[in-house]
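Not measured: the values here are computed from a predicted model. Atoms considered below: every heavy atom in the structure, side chains included; atoms not considered: hydrogens, waters and symmetry mates. The chains referred to below are lettered A, B, ... by the order of the sequence lines, with proteins before strands, and numbering in each begins at 1.
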Amino acid sequence: MPQISITVNGKVRKARVEPRLLLVHFLREQLLLTGTHVGCDTSQCGACTVLIDGRSAKSCTIFAVQASGSKVTTIEGLATDGALHPLQEGFWEEHGLQCGYCTPGMILSAVNLLKDTPRPTERQIREGIAGNFCRCTGYQHIVNAIQHAAKKGLPKRAKRARRTPKAAASAATGGR
Amino acid sequence: MAAIPVLPKLVGERVKRREDPRLIQGRATYVDDITIAGMKHLVFKRSDIAHGRIRSIDTTAAEAMDGVDAVFTGAEIAEFLPPMPIGTPFPSPPHHSVAVDVVRYVGDPVAVVVARDRYAAKDAADAIVVEYDALPAVVDLERAMTGQPAVIHADFPNNLAVALVPGGTGVDGAMNVDDTAVDKAFAEADVVISQRMMNHRLVPNAIEPRGVVAHYEPGKESMTIWSSTQNPHILRSMIAALNGLGQHQVRAIAPEVGGGFGSKINIYGEDYVASAISKRLGEPVKWIEERSEAFVATTHGRDILGYVELAAKQDGTVLGLRLRLIADIGAYNMLLTAAIPTLTMLMVSGTYRIPAIRATITEVFTNKTPTDAYRGAGRPEATYFVERAMDMLASKLNMDPAELRRRNFIQPAEFPFATQMGAVYDSGDYDKALTAALKLADWDRLKAERDAAKAEGRLVGLGLAMYVEVCGLGPSSSLPTGGWEHSQVTIERDGRISATTGASPHGQGNETTFAQMLADQFGVPIEHVTILHGDTGVVKQGIGTFGSRSQAVGGAALHMAGGKVKTKMARFAAAMLEAHEDDLVFENGTIAVKGAPASGKSFADVAAFAYVPVPLPAGLEPGLSEEAFFEPSNNTYPFGCHISMLEIDRETGEPTLLKLVAVDDAGNLINPMIVEGQIHGGLAQGIGQAMVEEAVYGDDGQLLTGSFMDYAIPRATDFPRFELGATVTPTPVNPLGAKGVGEAGTLGSTPCIVAAAVDALSGFGVTHIDMMLRPEKLWRIIQGGQS
Ligand code: FES
Ligand code: FES
């Protein structure tokens, strides 16, 4: 079995994997990063979206071996130093999620969108997330969430993300 | 004493969701995120033909493969798992979780593999060889009713699952039918509208597919089952029954659930098989649905044909309605399958006073995936049929569609109003919702815009639809599971509040809305309240989340349980304060005599006293934990008005939705932000049905739209910004005055969009177009063909 080495959320991960193992299964089942979801088997829904070397990509559509040598950011690695990413904040503020299943992929696609287009129009936002399905929200609050983040601006080239139990803990006690 | 901070009232406020922090950080636990040491994976081998007799199944190659523990065929499963029960009183053919000798739809399971991981299980399923003797596929609904080209279940001649149920005027309890009044209405009419309308088949497609983990522990003789379900308590009862266990031996857990829309009400074959195999092997097993599997293995929605006739006077007064409904329910009866079209029957009077109605329903088996509840479940169909007919009448009478509706509305003073179909509408003010929608949309200006666009040769149309739905299901007489909901509210020893609810959410935000309610009820910060749900080991009893019932029934149970514990807590506080319990107020974290907050006791101190009551006040038991079952006296009937504007490209026939205005009346609202989200989501699914979604079967019974590549899930680019408004007409049937809102968006949107398309193409002589609005269909009309 081939040996791979992928930097995931700032940590180098080495493993021997079957050549046919999908990146999403490597992340979910071997690294137990279950925030990346699987919603289809035809590369349409975008639930599995992660960042590979800073660009959004559907992790169900590439093999783990193809990602060897790259840097992958999953939803678990997006908050930095205990602070939510502006897009995470935007989704919370603007009720950009209901069941939450599409949300990690949606947020990471939006990260890519705002990187390319920091001040997008509503049309550009809708086009930017057209590769991500949401069955719950009708997208309007997602658009608002991305506008919210665009207003705040993305953090300056975030330091390599670390796991941030603090962010989770402080957020979980909030609610208003 | 330090000044007491004033806590804001939260009910009615846009409180941010307490569910979100875990969801936006990828820390939530859905079924597929659960791993148990030693867990095996299941993959089902499914039929790739629509109808056929199984000649042979060869599992030898599969069984020999690396990592494979076992392979079970349907016949082997049937030795230790009885057929699936249904939840309605209608007759039903036997339905095995895994087919035994005949397959009846593409996707019908024929065998199941148990293996080390999902890759190995899938490889092995591919290696199973099944030979079939093909039978003719029954696909066309009206042909199926003649028993052609085949009969699917031997005991159901002509494929009639339900031969004919009559309803409406002149039908008595014994189903005797007297048509006099209806015939008279039609005889006296100046105009009669008559139209065949198809409300087509849809695939629910929650973005999280279904999944189950079952763990039977020998020695403990107990089963824990995690399933992506809307109703863990119903799951528990059924899993116990089919595995020969008592309900006390089964714990069912709905972890984070990624959307349901009705499709996760059912207890599916895969749930039963996973539990039975885990029990048989004594090992935990997991099954996760793939999307292309979900397209055939999870119930579909709608698929009802309606023959509609509407009789009216020249001034627009509706005299009578005839509606013959024929439902294509697919190959089997599932949990609620047969009951869904009866909800269509129940609601065909719409928002109108229709003095004579004859509706009938026939349900037909075909070689397709079974249908069951899908967001709206029967009510969008009713709304669609009656609203389309009203539009056709308006255009025949050359009357404004709003004006025609106004002339026929049930008036506010007439509530409670019993329709000819037997529904008793609780409360309503339909004209208020219509007026609000016309104003929000600026109807007259829109008409002028449409006319100007048409004058330029553009194909622009306007549509308007009213709706009324039946929600808050319901009294126990209306649900075989019981129609109540349960809640238990506990004030912990430190004054924090834990509350359980049987309304198990999957995106509805109950953890937030229910906490808002308790925070207000007890005058404590929302951070001090936790809502627990989705686990029968924690939530003692429950029914579940469907039919827009969480708030109207579950919220009411929570409010009642809270009221009980508050009464008890007041007696403890009264003893501490040497006051009378009726004089106490709970606010800002204290319990005090009215008008004297500074003399009060902190909430936490009273809680502590209740658990160490020395001396114990006379007549009280220690502790603060109370439960309630709320049984509503009736369903609720939310309503509203939706308006749309749509343009069709003359060259390509492609429709574009330009505007969607929705005014919804769901009674009192707990969290308007969450309500808006619910309405947006419903609109998206209604618009999806009208414009892009359609499950299409080929003549051979193959699902031609079996993946996201051929079945269009609406994308963000498909919608304009929705414009919402609200009117508030509380219901008298529960103490909150809340009616429910989860399905509302699917009701008005479909007919109002079709109305707009018909209006846009009025120059081509069309009066009705069946959904979905496929560009090709519209293009043909523009090219001079007929609809
Ligand atoms: S899982 Fe659907 S696109 Fe990857
Ligand atoms: S929030 Fe449920 S799919 Fe998007």
Side-chain angles (χ1 to χ4, degrees), chain A residues 18 20-21 25 28-29 32-42 44-45 47 74-76 78-79 84 88-89 91-93 95 97-104 107 122-123 125-127 129-143 164 167-168 171-176, chain B residues 14-30 32-33 35 117 119 204-209 256-261 288 290-292 506-509 512 515 526-527 673-674 676-685 707-709 713-717 719 721-722 745:
Chain A
E18 268 194 84
R20 64 172 175 168
L21 183 72
H25 288 148
R28 289 180 50 80
E29 286 167 15
L32 301 180
L33 293 169
T34 55
T36 304
H37 297 150
V38 178
C40 72
D41 43 16
T42 52
Q44 250 92 28
C45 75
T74 70
I75 191 69
E76 290 92 340
L78 198 59
L84 292 176
Q88 289 172 313
E89 253 182 55
F91 273 70
W92 193 12
E93 286 294 329
H95 187 27
L97 59 146
Q98 291 179 28
C99 80
Y101 199 76
C102 71
T103 309
I107 288 177
E122 173 151 356
R123 191 72 214 163
I125 292 176
R126 287 180 184 268
E127 278 162 7
I129 57 168
N132 292 72
F133 292 164
C134 176
R135 198 60 158 159
C136 295
T137 65
Y139 302 104
Q140 188 150 318
H141 283 163
I142 294 179
V143 171
T164 55
T173 56
R176 311 242 296 271
Chain B
R14 305 174 71 87
V15 175
K16 273 166 61 181
R17 292 207 324 170
R18 314 179 81 212
E19 291 83 347
D20 291 0
R22 63 177 186 264
L23 296 166
I24 55 179
Q25 298 185 96
R27 309 282 183 198
T29 304
Y30 299 85
D32 197 13
D33 304 341
T35 302
D117 62 46
Y119 282 60
N205 274 318
I207 301 300
E208 182 208 27
E256 208 76 60
V257 174
F261 317 114
I288 298 296
E290 298 195 322
R291 177 62 54 188
S292 40
H506 36 283
Q508 291 85 352
T512 305
I526 193 169
E527 292 79 4
M673 176 188 83
I674 287 178
E676 282 166 21
Q678 287 292 314
I679 294 170
H680 289 165
L683 290 174
Q685 286 174 358
S707 81
F708 283 155
M709 290 193 286
I713 295 294
R715 297 168 192 268
T717 41
F719 302 127
R721 187 160 272 272
F722 307 133

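- Using a cut-off of 4.0 Å between Lys/Arg side-chain N and Asp/Glu carboxylate O, A/E93 and B/K16 are scored as salt-bridged.
- B/I207 places a side-chain heavy atom less than 4.5 Å from the side chain of A/R135.
- Interface check for chain B: of the options A/A130, A/C102, A/P104, A/G35, the most heavy-atom pairs under 4.5 Å are formed by A/A130.
- Closest approach of A/W92 to B/P21, counting heavy atoms only: CZ2-CG, 3.6 Å.
- Nearest heavy atoms, A/G138 versus B/F722: O-CE1, 3.9 Å.
- No other option in B/A28, B/S707, B/A684, B/G258 has as many heavy-atom pairs under 4.5 Å with chain A as B/G258.
- Between A/V143 and B/R721, the closest heavy-atom pair is CG1-NH2, 3.6 Å.
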Legend entry - Verdict with supporting geometry, A/Q140 and B/L683, side chain to side chain contact (heavy atoms under 4.5 Å, CB included): CA-CA 11 Å; A/Q140 188 150 318; B/L683 290 174; over 6 Å; no

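- The part of A/T103 that comes within reach of chain B is its side chain, from C-beta onward, which places non-hydrogen atoms under 4.5 angstrom from that chain.
- A/L97 touches chain B through backbone and side chain together, each having a heavy atom under 4.5 Å away.
- In terms of heavy-atom pairs under 4.5 angstrom with chain B, the leader among A/R28, A/E18, A/E127, A/H37 is A/R28.
- Proximity to chain B is limited to the side chain of A/Y139, based on heavy atoms less than 4.5 angstrom apart.
- The CD1 atom of B/I24 lies 9.5 Å from the CZ atom of A/F91; values are rounded to the nearest 0.5 Å.
- Ranked by non-hydrogen atom pairs under 4.5 Å with chain A, the options B/R291, B/R22, B/E19 are led by B/R291.
- Using a 4.5 Å heavy-atom cutoff, the side chains of A/H141 and B/E676 are in contact.
- Interface remark: A/L21 contributes backbone and side-chain atoms alike to the contact with chain B (heavy atom separation under 4.5 Å).
- Of the listed residues (B/P714, B/G677, B/A206), the greatest number of heavy-atom pairs within a distance under 4.5 Å of chain A belongs to B/G677.
- Residues A/H95 and B/M673 come closest through the heavy atom pair CD2-O, 3.3 Å.
- Residue B/I679: no heavy atom, backbone or side chain, is found under 4.5 Å from chain A.
- You'll find the side chain of B/I713 stays beyond 4.5 Å of the side chain of A/Q44, heavy atoms only.
- Within the 4.5 angstrom heavy-atom criterion, atoms from both the backbone and the side chain of B/Y119 approach chain A.
- For a residue to count as touching a neighbouring chain, one of its non-hydrogen atoms must lie under 4.5 Å from one of that chain's; by this rule A/R123 touches chain B with the side chain only.
- A/Q88 is listed as a side-chain neighbour of B/Q25, based on a closest heavy-atom distance under 4.5 Å.
- Between A/T34 and B/D32 there is no side-chain heavy-atom pair separated by less than 4.5 Å.
- Of the residues considered (B/D117, B/T35, B/V257, B/L23), B/L23 shows the highest number of contacts with chain A, using heavy-atom pairs under 4.5 Å.
- No other option in B/Q508, B/R14, B/Q685 has as many heavy-atom pairs under 4.5 Å with chain A as B/Q685.
- Interface remark: B/Y30 contributes side-chain atoms only to the contact with chain A (heavy atom separation under 4.5 Å).
- For the pair A/I129 and B/R715, the minimum side-chain heavy-atom distance is 4.5 Å or more.
- Between B/R27 and A/I75, the closest side-chain pair of non-hydrogen atoms is not below 4.5 Å.
- Using a 4.5 Å heavy-atom cutoff, the side chains of A/Q98 and B/Q678 are in contact.
- The SG atom of A/C136 sits 13.5 Å away from the NE2 atom of B/H680 when rounded to the nearest 0.5 Å.
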